[in-house]
Amino acid sequence: MRLCNAQEIMALDRQAIRGLGVPGVVLMENAGRSCCDQFEQAFSRYFPGPVMVVAGKGNNGGDGYVMARILAERGWQVRTLVLGQEASISGDAKVMLNIIRRLGLPVDFVETIPGLQNSFTSEPALIIDAIFGTGLNSDVVGIQAAAITHINESAAVVFAVDIPSGVDSSTGKICGLAVQAALTVTFDHAKIGLASYPGAGQVGELQVVDIGIPQAGREDFSTNVHLLEKVEAQALLPDRSSSGHKGTFGHLLIVAGSPGKTGAAVLAGSAAERSGCGLVTVAVPDAIHDIIEVKLTEAMSCPLPSVDGLISLQAEVQIEQLLTQRQSLAIGPGLGQSSGLSDLIKSLVKSAPVPMIIDADGINLLAGQLEPLGEHREQTLILTPHPGEMSRLTGLSVSEIEANRLVVAQEFAVKHGIVLLLKGARTVIAAPDGRVNINSTGNDGLSSGGNGDVLTGLIGGLLAQGLDGFSAASLGAWLHGRAAELVAASQGTAGMIASDLLCQLPVARQELVKGV
Ligand SMILES: NC(=O)C1=CN([C@@H]2O[C@H](COP(=O)(O)OP(=O)(O)OC[C@H]3O[C@@H](n4cnc5c(N)ncnc54)[C@H](O)[C@@H]3O)[C@@H](O)[C@H]2O)[C@@H](O)CC1
Ligand SMILES: [K+]
């Protein structure tokens, strides 16, 4: 699903209104009416209410006045609370406000927090949040903040117009606080903030409705952010010839593992086997090679020279030799930390002749020394940090990263010319050219050790099958999340372990192949 930011939707509105002459009140009427249709469809069991529309001073409030009028016409008991003086409402919103005033529908204007408290004394069954939409441009304070607190503390079911008030529509950042909605109806396009956490957590069910912005005039409109749903994931599947052999489907080299972390190497190797790639070699420190030999069945293994159990810098020659006959490299899971490993990673980033994915300890080994990222060959480079690793890479705090996941990932990818996959609920995948996918699959069962190793092996395997970095990372994230959903369908999420995902990876892929 295409996602747009506030500027993009405003540009579309402007083009419709100024460029094509579609009156703004027509769009507002359509928006309010579509909201009413969705509202009634979802909440008919609450008929006839009471319903309270809480309106801000802008056009989001204007949509709220339209809803108040249409719902009242349809028999609902509606009253409207405007956060501001009547004289402060202008433009299209004023036109719509005037109509409900002339109709004699109940409207209160409140300017103070004590006034607001009086207005919330009678509890509505349903609240329509029309305080802020795409026009929100700073943290919410004062009466609007108090209104949002009242809405969230109320037992009423909440419907959000366009976006839950307080969520930044361009980023998903919560501007101080935000309405928690049960249903959000948004206009023309889903906004980035509705799909990207933390804002996505405020949305409830999401519906996108047409409000009559013409298709004509959109020729120049392109958005570079997408919600990665099944249809988008399907388009990323690598070609697979039925007459292919193991050499056709690529050979991945995984460099991973250390004493105490053999499982990371095994999980990455096993996931790569389940990715559809033809051959997998797992190269580990010689100190643990015997263990890996026992644990891995289909994948090949290879011992690398080690110091104190960790792969040493001397391994570089052997890795380069192996890479001459491999199509991709995955490095990082369970590697441990040493200065030799740090030098090895930096050197491989610069010289690896194949697409490469770096995860876990591989990322930590790069932290604070990002210069090599700018020197990597023309080959694809993918980094897959969780927010803690992203914090070490960028110097930002985890809360700063989590508050602005999309922008942080996008800026890093563009700045360093790499693919950056930021893990977490709604994983963000950012390309060096600024494109971003927000993954739609997954669940909290993925919040346990080893799942990142599975993702690394899976993406490495997709790279070996010839996908470009952005596609491999995106498809890998989708399949990984979908596999977790399939596991959860039979056993729930608590107690799900990383190896549970392995058998479900081909099932998830098959869903895409078959389009079921
Ligand atoms: N432009 C159009 O043609 C249409 C717009 N529509 C609605 O209009 C909305 C956008 O309307 P607006 O641009 O008027 O903006 P909003 O209604 O989202 O916000 C109202 C105003 O609040 C002010 N504001 C921003 N941040 C604030 C803060 N933290 N504290 C206090 N005040 C703050 C801004 O000046 C803004 O104009 C959309 O979300 C949608 O609901 C729809 O009616 C469809 C048509
Ligand atoms: K809203």
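In this chain, numbering begins with 1 at the start of the sequence shown.
Going from atom CD1 of Ile70 over to atom CD1 of Ile100 covers 11.5 Å, rounded to the nearest 0.5 Å. Taken from OH in Tyr46 to CH2 in Trp76, the straight-line distance is 9.5 Å, to the nearest 0.5 Å. Between the OG1 atom of Thr394 and the CD1 atom of Ile401 there is a distance of 4.0 Å, given to the nearest 0.5 Å. Atom NZ of residue Lys57 and atom CZ of residue Phe132 lie 9.0 Å apart, to the nearest 0.5 angstrom. For the atom pair CD of Gln38 and OG1 of Thr184, the computed distance is 11.5 Å after rounding to the nearest 0.5 Å. Summarising the geometry, atom CG belonging to Leu267 is positioned 9.0 Å from atom CG belonging to Leu501; distances are rounded to the nearest 0.5 Å.
Two residues are said to be in side-chain contact when any heavy atoms from C-beta on lie closer than 4.5 Å; Ile128 and Val51 meet this criterion. Taking 4.5 Å as the limit, every side-chain heavy atom of Val82 sits out of range of all side-chain heavy atoms of Val110. Put simply, the side chain of Val66 does not reach to within 4.5 Å of the side chain of Asn30, judged on heavy atoms. Looking only at side-chain heavy atoms (C-beta outward), Asn60 and Ile131 stay at 4.5 Å or farther from each other. With contacts defined as side-chain heavy-atom distances shorter than 4.5 Å, the pair His189/Leu3 does not qualify. A heavy-atom distance below 4.5 Å is not found between the side chains of Ile148 and Val54. The closest side-chain heavy-atom distance from Arg509 to Leu512 is not below 4.5 Å. Under the 4.5 Å side-chain criterion, counting only non-hydrogen atoms from C-beta, Pro164 is in contact with Leu194.
Across every non-hydrogen atom of Ala195 and Ala200, the tightest pair is C-CB, 3.7 Å. The shortest heavy-atom contact between Tyr65 and Ala55 is CE2-CB, 3.6 Å. Residues Thr134 and Met10 share a closest heavy-atom pair of O-CE, 3.6 Å. Here the closest heavy-atom approach between residue Ala178 and residue Val167 is recorded as CB-CG2, 3.8 Å. Closest approach of Arg405 and Thr427 over heavy atoms only: NH2-CA, 3.7 Å. Smallest separation of non-hydrogen atoms from Ala483 and Ala508: N-CB, 4.2 Å.
Here the side chain of Asp63 pairs no donor or acceptor atom with the backbone of Gly32 at under 3.5 angstrom. In terms of modelled atom types and a separation under 3.5 Å, the side chain of Ser448 and the main chain of Ile497 share no donor-acceptor contact. Checking side-chain atoms of His386 against main-chain N and O of Gly388 turns up a donor-acceptor pair under 3.5 Å. Put simply, the side chain of Thr186 never gets that close to the backbone of Val208: no donor and acceptor are under 3.5 Å apart. Using modelled atom types, no side-chain atom of Arg426 and backbone atom of Lys423 make a donor-acceptor pair closer than 3.5 Å. Put simply, the side chain of Gln410 never gets that close to the backbone of Val428: no donor and acceptor are under 3.5 Å apart. The closest donor-acceptor contact from the side chain of Ser196 to the backbone of Gly193 lies at 3.5 Å or more, if one exists at all. The backbone N or O of Asp359 sits nowhere less than 3.5 Å from a side-chain atom of Thr456 that would complete a donor-acceptor pair. Although no hydrogens or angles enter the test, the distance criterion places a donor-acceptor pair under 3.5 Å between the side chain of Asn5 and the main chain of Glu8. Between the side chain of Gln202 and the backbone N or O of Gly199, no donor-acceptor pair lies under 3.5 Å.
Side chains of Asn364 and Arg392: a donor-acceptor N/O pair is present below 3.5 angstrom, by distance only. No side-chain donor-acceptor contact under 3.5 Å links Ser399 and Glu402. Under 3.5 Å, the side chains of Glu205 and Gln207 contain a donor-acceptor pair of N or O atoms. Judged by distance alone, the side chains of Ser154 and Glu123 do bring a donor and an acceptor atom under 3.5 Å apart.
Under the salt bridge (Lys or Arg N to Asp or Glu O under 4.0 Å) criterion, Glu29 pairs with Arg33, Arg69, not counting sequence neighbours. Listed by chain and number, the residues in a side chain to side chain donor-acceptor pair (under 3.5 Å) with His150 amount to none (sequence neighbours excluded).
In this pair, Phe39 and Phe43 present their aromatic rings perpendicular. The plane angle is above 60°, beyond the 30 to 60° band.
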Name every donor-acceptor pair, under 3.5 Å, that has one atom in a side chain of residues 468-478 and the other anywhere in the protein, sequence neighbours excluded.
from   : atom 1 : to     : atom 2 : distance (Å)
Asp468 : OD1    : Phe470 : N      : 3.1
Asp468 : OD1    : Ser471 : N      : 3.0
Asp468 : OD1    : Ser471 : OG     : 3.2
Asp468 : OD2    : Ser471 : OG     : 2.6
Ser474 : OG     : Asn437 : ND2    : 3.0
Ser474 : OG     : Phe470 : O      : 2.7

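Here salt bridge (Lys or Arg N to Asp or Glu O under 4.0 Å) pairs that include residues 171-198, with residues two or more places apart or in two chains, are Asp162-Lys191, Asp188-Arg218. Contacts classified as salt bridge (Lys or Arg N to Asp or Glu O under 4.0 Å) and involving residues 474-496 (residues at least two apart or in different chains) are given here: Arg482-Glu485, Arg482-Glu511. Screening residues 361-370 for salt bridge (Lys or Arg N to Asp or Glu O under 4.0 Å) gives Lys261-Asp361 as the qualifying pairs, with residues at least two apart or on separate chains.
Salt bridge annotation for Arg74-Asp37: present, with a cationic side-chain nitrogen under 4.0 angstrom from a carboxylate oxygen.
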Asp92/Asn59 under side chain to side chain contact (heavy atoms under 4.5 Å, CB included): CA gap, chis, key distance, verdict
CA-CA 7 Å; Asp92 295 342; Asn59 286 335; 4.2 Å; yes

Test log, rule side chain to side chain contact (heavy atoms under 4.5 Å, CB included), inputs Leu97 and Phe109:
CA-CA 12 Å; Leu97 176 62; Phe109 298 87; 4.0 Å; yes

Which is it for Ser34 and Phe187 under the side chain to side chain contact (heavy atoms under 4.5 Å, CB included) test, yes or no, and what are the steps along the way?
CA-CA 9 Å; Ser34 298; Phe187 307 138; 5.6 Å; no

Going through the distances and angles, do Ser88 and Gln85 end up as a side-chain hydrogen bond (donor to acceptor under 3.5 Å, both in side chains)?
CA-CA 5 Å; Ser88 65; Gln85 287 179 341; 5.6 Å; no

Working for side chain to side chain contact (heavy atoms under 4.5 Å, CB included), residues Ile459 and Leu421
CA-CA 11 Å; Ile459 294 173; Leu421 180 152; 3.9 Å; yes

